Peer 1: 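Okay, here's the structure, questions in a sec.
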Amino acid sequence: MISNTMAAALNEQIALEAHASSLYLSMSSWCEQEGLTGCAQFMRRQSEEEREHMLRIFDYVNERNAHALTPATHQPKHKFESVQKMFEEVYAHEKKVTAAIMKLVEQCYKEPDHTTLLFLQWYVEEQREEEALMSTLMDKIKLIGTGGQSLYYIDKEVERLNATEMAAEAEGAE
Ligand code: OFO
């Protein structure tokens, strides 16, 4: 059993992960429209990952005899100023999610709730990896710059990064 406060806090996190999944799917679609197929595949995979993150918490809440609430879907924006700005937004969103996970961890210490604390360790690690990935991507985008062929090179770089991530995941799953 988890406390009502913890159940409410985890339900908020479910909503945040669901929103990330929906926003990233919208980004993927915009990239597709812009002919950035590498970026579209990358954001599609990110969207699917966020849904998995949401479901992982969803199942945990129900398993602990609390009630996991299906979040409302508010429509994400559909257009982005540029691919550079879009990735800046992803990075900012990941930092926001990390801050939310840290607040949950603080709540675990406060109660204390060691079981939820252990459950959240996976998220702490996942956020560290996601922030590192986005930071690497932002550095590459800055290096490529905004010259004539920059969109082509950004798309190729993101495609390469996506393939590396998928290979690492496949290796981890073996
Ligand atoms: Fe759910 O990991 Fe990103 O936000």
Side-chain angles (χ1 to χ4, degrees), residues 2 6-31 36 38-64 66 68-78 80 83-108 113 115-141 154 157-173:
I2 50 176
M6 187 60 80
L10 288 170
N11 271 316
E12 271 178 37
Q13 191 64 31
I14 287 173
L16 198 57
E17 303 285 348
H19 179 66
S21 178
S22 160
L23 176 65
Y24 294 173
L25 186 62
S26 177
M27 287 173 168
S28 170
S29 181
W30 177 80
C31 290
L36 299 162
C39 294
Q41 281 163 12
F42 178 84
M43 290 315 302
R44 175 71 180 231
R45 196 176 56 79
Q46 293 299 119
S47 168
E48 280 160 16
E49 275 192 14
E50 297 303 344
R51 181 173 157 76
E52 282 168 24
H53 298 172
M54 175 197 68
L55 289 176
R56 195 184 266 251
I57 306 172
F58 198 90
D59 291 342
Y60 176 77
V61 170
N62 279 335
E63 182 194 302
R64 301 301 314 282
L69 305 177
T70 305
T73 45
H74 43 278
Q75 206 162 33
K77 63 179 185 177
H78 302 299
F80 302 88
V83 73
Q84 291 90 341
K85 291 266 181 232
M86 186 198 83
F87 280 122
E88 275 174 25
E89 213 174 300
V90 175
Y91 193 21
H93 197 274
E94 287 305 323
K95 288 185 190 164
K96 187 176 161 188
V97 172
T98 303
I101 295 288
M102 293 313 162
K103 270 187 78 178
L104 282 169
V105 167
E106 277 168 28
Q107 181 64 24
C108 290
D113 178 345
T115 312
T116 305
L117 182 64
L118 266 180
F119 168 75
L120 288 172
Q121 291 314 299
W122 184 89
Y123 285 85
V124 171
E125 184 61 9
E126 179 69 14
Q127 283 310 121
R128 181 189 64 74
E129 283 174 14
E130 290 205 341
E131 279 199 31
L133 175 69
M134 291 318 299
S135 166
T136 305
L137 191 51
M138 295 312 298
D139 287 346
K140 297 270 185 207
I141 288 176
I154 288 172
E157 187 56 40
V158 174
E159 190 176 36
R160 194 192 58 77
L161 209 57
N162 197 33
T164 310
E165 286 290 304
M166 281 168 72
E169 269 171 28
E171 204 171 296

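None of the values given here were measured: they were computed from a predicted structure. Order of listing sets the numbers, starting from 1, for every ligand and every atom in it.
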Peer 1: Of all the N, O or S atoms in Glu17, which has the shortest distance to atom 1 (Fe) of ligand 1?
Peer 2: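 Distance check against atom 1 (Fe) of ligand 1 picks out OE1 in Glu17.
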Peer 1: Closer than 4.0 Å to some heavy atom of Val97 - which atoms of ligand 1 meet that?
Peer 2: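 Numbered from 1, ligand 1 contributes 4 (O).
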Peer 1: Report the residue from Glu50, Glu52, Glu169 that forms a salt bridge (charged side-chain N to carboxylate O under 4.0 Å, His left out) with Arg45.
Peer 2: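 Option passing the salt bridge (charged side-chain N to carboxylate O under 4.0 Å, His left out) with Arg45: Glu169.
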Peer 1: Give a rough value, rounded to 10 degrees, for the angle at atom 1 (Fe) of ligand 1 between atoms ND1 of His53 and OE1 of Glu50.
Peer 2: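 Value returned, to the nearest 10°, is 90°.
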Peer 1: Using a 3.5 Å distance criterion without hydrogens, assess whether the side chain of Asn11 forms a donor-acceptor pair with backbone atoms of Leu69.
Peer 2: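 Checking the backbone N and O of Leu69 against the side chain of Asn11, a donor-acceptor pair under 3.5 Å is found.
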Peer 1: Using a distance threshold of 2.8 Å, state whether an N, O or S atom of Glu94 lies below it from atom 1 (Fe) of ligand 1.
Peer 2: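 Under 2.8 Å: Glu94 has no N, O or S contact with atom 1 (Fe) of ligand 1.
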Peer 1: Does any N, O or S atom in Glu49 come within less than 2.8 Å of atom 3 (Fe) of ligand 1?
Peer 2: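 Coordinating: no.
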Peer 1: Would you say that more than 12 heavy atoms from the other residues, nucleotides or ligands in this model lie under 6.0 Å from the CE of Met166, or not?
Peer 2: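 At most 12 heavy atoms, drawn from other residues, nucleotides or ligands, come within 6.0 Å of this atom.
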Peer 1: Does NZ or CZ of Lys85 lie under 6.0 Å from the centre of the six-membered ring of Phe87, at an angle within 45° of the ring axis?
Peer 2: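 Not flagged: Lys85 not positioned over aromatic ring of Phe87.
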Peer 1: Is there a donor-acceptor contact under 3.5 Å from the side chain of Asn162 to the main chain of Val158?
Peer 2: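 Not confirmed, Asn162 side chain does not pair with Val158 backbone.
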Peer 1: Any side-chain donor-acceptor pair under 3.5 Å between Tyr60 and Arg56?
Peer 2: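 Side-chain D/A pair, Tyr60 to Arg56: absent.
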Peer 1: Do any of the N/O/S atoms of Glu126, backbone or side chain, fall under 2.8 Å from atom 3 (Fe) of ligand 1?
Peer 2: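 Checking Glu126: none of its N, O or S atoms is under 2.8 Å.
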Peer 1: Does Gln127 have a heavy atom less than 4.0 Å from any atom of ligand 1?
Peer 2: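 Within the 4.0 Å threshold, so yes.
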Peer 1: For Glu130, take its heavy atoms, then give the atoms of ligand 1 lying under 4.0 Å from any of them.
Peer 2: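 Result: 2 (O), 3 (Fe), 4 (O).
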